[in-house]
There are 2 protein chains.
Amino acid sequence: MNFSITEENYIKNIYHLQQQSELVNTNSLAYELHTKPASVTDMLKKLQIKNLLDYEKYKGFRLTNKGNKVAINIVRRHRLWEFFLVTKLGFEWDKVHSIAEELEHVSNQELIQKLDRFLNHPQIDPHGDPIPDGNGKIPIIHQLSIADVAEKKKVMVSSVANQSPAILELLNHYHINIGTEIKINQRFSFDGSIEIKVGKYAACTISELVAKNIFVYHD
Amino acid sequence: MNFSITEENYIKNIYHLQQQSELVNTNSLAYELHTKPASVTDMLKKLQIKNLLDYEKYKGFRLTNKGNKVAINIVRRHRLWEFFLVTKLGFEWDKVHSIAEELEHVSNQELIQKLDRFLNHPQIDPHGDPIPDGNGKIPIIHQLSIADVAEKKKVMVSSVANQSPAILELLNHYHINIGTEIKINQRFSFDGSIEIKVGKYAACTISELVAKNIFVYHD
DNA sequence: TATATTTTTTAGATTTGTCTAAAAATAAAT
DNA sequence: ATTTATTTTTAGACAAATCTAAAAAATATA
């Protein structure tokens, strides 16, 4: 089944609001979508008719199983594109969200499948959020801040918590990016700074603050 | 200035029809867009108001300079995405057009700029059509069929004329793709077949028919 | 030149998604 | 338990893009 861009945006935002509270209400959805409550009510009816929404007048609403599947697929597309934009095109984190918001509506199944393979089946997007797989399964990924990784371990960067241009500047300087391999050489107890080796670059030292913001895959 | 997806589709199709005849008429545009002449007339008025179209009732129409620039930008996006889909995601030629048709409407300038750089500023799309550059300049590319390349020359595949699944099967077998480096070893006059070396694979022989359908960059 | 045919345009209706303003239901406060 | 405030829904209008059916203009034919 195919949905309009507008419908997809409603579905996706309902999904996200449901992560915080079981039942979603009209006003908060209207706020997220930068639209008016009256418009939301109209769309709720349409989504209910299409069996995407459990909705009772004045009582709030939630996605059906079917609606949930559709939502997860949109989220998957969004996060895959974000990963692509950062790791392949060299975008900075703060720019990718709005672009991915457009790309996510290109709904060709084969496209997403091939994109996923091209990116090597990433499990975490640049913001640290999990990327659902083709079956809608959301991986539970164990991430650890570099500050907590044991010495001598080799790890791969999965995401970065703080997304300010300031930390970006620093990470670029250290050649650290999503997917970068890092070896933890030595931790210094005086100030919590850590000597690391990034890829094949010469070893360098990062502050504890930076270390705490860099997350890596960890099983 | 930003245009709706519908407007962009009209502009692009007018552009393509203009390649064949200076003035475009309502019926042929309606045919291309799978819509009705009455709908076309409505849109023509809108495009004229936005200064994209020179249009006189009952007399046909053509893009203005401004409209032309917009069209070329859409074509650029379309062909860059086609190139991406084939060379990076491994799509076959016959599948990419409709997907690129959706992707082309994601109009973020920086996205296209970075995609272009990522793809290494390709000049020809998988169908052999030129890709306009960021300034709207359309490169005049000299392509040559492999059948006409001198012996011992090293060349790079730019496009493939015949796009049937049958030739695709063969090209996959030979590891030939857009961007692939090929060295012409020897031409055999008896049947016009040619021994070539594809990338770092062992030399192989292709028929004259295949050779005639593979085009390469040539200055 | 008059008539027939084709092409193009107008007029008015429809669909999708939106809005404002007012009414109805629910929740909060006295 | 009323009154007040908030939230949600309805009713009716609007803009974008489309359609059908009929009128108008241009072209072709006799």
Side-chain angles (χ1 to χ4, degrees), chain A residues 1-15 17-18 20-63 67 70-71 74 101-102 104-107, chain B residues 1-14 17-18 20-63 67 70-71 74 101-102 104-105 107:
Chain A
M1 199 146 287
N2 242 17
F3 304 100
S4 74
I5 290 177
T6 314
E7 287 171 327
E8 288 197 346
N9 281 332
Y10 272 87
I11 295 165
K12 186 184 65 171
N13 278 283
I14 294 168
Y15 175 83
L17 286 171
Q18 273 191 144
Q20 297 175 299
S21 65
E22 190 65 24
L23 268 179
V24 182
N25 51 308
T26 308
N27 268 354
S28 47
L29 182 53
Y31 178 81
E32 290 297 321
L33 290 165
H34 309 105
T35 184
K36 297 287 139 64
S39 312
V40 170
T41 303
D42 286 345
M43 182 58 87
L44 294 180
K45 289 179 199 161
K46 285 184 210 166
L47 295 178
Q48 187 184 34
I49 289 166
K50 294 191 180 186
N51 269 309
L52 298 164
L53 203 65
D54 274 333
Y55 166 52
E56 227 183 313
K57 266 195 193 180
Y58 294 106
K59 294 264 167 78
F61 46 91
R62 60 155 66 83
L63 292 170
V70 174
I74 300 167
E101 208 119 70
E102 295 191 58
E104 74 191 5
H105 299 298
V106 179
S107 62
Chain B
M1 198 146 287
N2 243 16
F3 304 100
S4 75
I5 291 176
T6 313
E7 287 171 326
E8 289 196 346
N9 281 332
Y10 273 87
I11 295 165
K12 187 185 63 170
N13 278 283
I14 294 169
L17 286 172
Q18 274 190 128
Q20 296 176 296
S21 65
E22 189 67 24
L23 269 178
V24 182
N25 51 309
T26 308
N27 268 355
S28 47
L29 183 53
Y31 177 81
E32 288 298 321
L33 291 164
H34 310 104
T35 185
K36 297 286 139 65
S39 312
V40 169
T41 304
D42 286 344
M43 182 58 88
L44 294 180
K45 289 180 196 160
K46 286 184 209 165
L47 295 178
Q48 187 184 33
I49 288 167
K50 293 191 179 185
N51 269 309
L52 298 165
L53 203 64
D54 274 333
Y55 166 52
E56 227 182 313
K57 265 196 195 178
Y58 293 105
K59 295 265 168 78
F61 46 90
R62 61 155 66 84
L63 292 171
V70 174
I74 300 167
E101 206 119 70
E102 294 191 60
E104 75 191 4
H105 300 297
S107 62

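Naming convention: chains lettered A, B, ... in sequence-line order (proteins, then strands); numbering from 1 in each chain. Computed from heavy atoms alone, side chains included, the values below leave out hydrogens, waters and symmetry copies.
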Less than 4.5 Å apart, any side-chain heavy atom of B:L52 and any of B:F3?
yes

Please give me every residue in residues 30-44 of chain A whose heavy atoms get under 4.0 Å of an atom in DNA chain C, ordered by residue number.
A:T35, A:K36, A:A38, A:S39, A:D42

Mind listing the residues from residues 52-61 of chain B sitting with a heavy atom below 4.0 Å of DNA chain C? Number order is fine.
B:Y55, B:K57, B:Y58

Any side-chain N or O of A:T26 below 4.0 angstrom from OP1/OP2 of D:dT9?
yes

Gap between atoms NZ and C1', on B:K46 and C:dT9 respectively (whole Å)
15 Å

Looking only at heavy atoms, the pair that brings A:E104 and A:E8 closest together is O-OE1, 4.1 Å

Which angle, rounded to 10°, do you find between the first-five-pair axis and the last-five-pair axis of the helix from C:dT1-D:dA30 to C:dT30-D:dA1?
10°

Rounded interatomic separation in angstrom, taking NZ from A:K45 and P from C:dG17
14 Å

Just how far, in rounded Å, is P of C:dT18 from CG of A:L29?
11 Å

Does A:N25 make a side-chain N or O approach to OP1 or OP2 of D:dT7 shorter than 4.0 Å?
no

Exercise: identify the closest heavy-atom pair between A:I11 and A:L63:
O-CD1, 4.0 Å

How many Å lie between CG on A:L23 and P on C:dT26, as a whole number?
15 Å

Measure the shortest side-chain to side-chain distance between B:F61 and B:T26 over non-hydrogen atoms and say whether it is less than 4.5 angstrom.
yes

How close do A:G60 and A:Y55 get, heavy atom to heavy atom, and via which atoms?
O-CD1, 3.9 Å

Might you point out which heavy atoms bring A:N9 and A:N13 nearest each other, and give the distance in Å?
O-ND2, 2.8 Å

Set of residues satisfying salt bridge (charged side-chain N to carboxylate O under 4.0 Å, His left out) with respect to B:K50, sequence neighbours excluded
B:E7

Measuring from atom CD of A:E56 to atom CZ of A:R62, what distance do you get when rounded to the nearest 0.5 angstrom?
10.5 Å

Can you list, pair by pair, the side-chain donor-acceptor contacts under 3.5 Å of residues 28-39 of chain B, counting residues two or more places apart and other chains?
unit_1	atom_1	unit_2	atom_2	d
B:S28	OG	B:N25	O	3.0
B:S28	OG	B:N25	OD1	3.0

Less than 4.5 Å apart, any side-chain heavy atom of B:K12 and any of B:H105?
no

Distance below 4.0 Å between B:N27 side-chain N/O and C:dT8 OP1 or OP2:
yes

The reported gap from NZ in A:K46 to CG in A:D42 (rounded to nearest 0.5 angstrom) is 6.5 Å

For the atom pair CD1 (A:I14) and CD (A:Q18), what is the distance rounded to the nearest 0.5 Å?
7.5 Å

Indicate yes or no: at least one non-hydrogen side-chain atom of A:Y10 is less than 4.5 angstrom from one of A:V40.
yes

Let's see if you get this right: which residues in residues 5-15 of chain A place a heavy atom under 4.0 Å from DNA chain D?
none

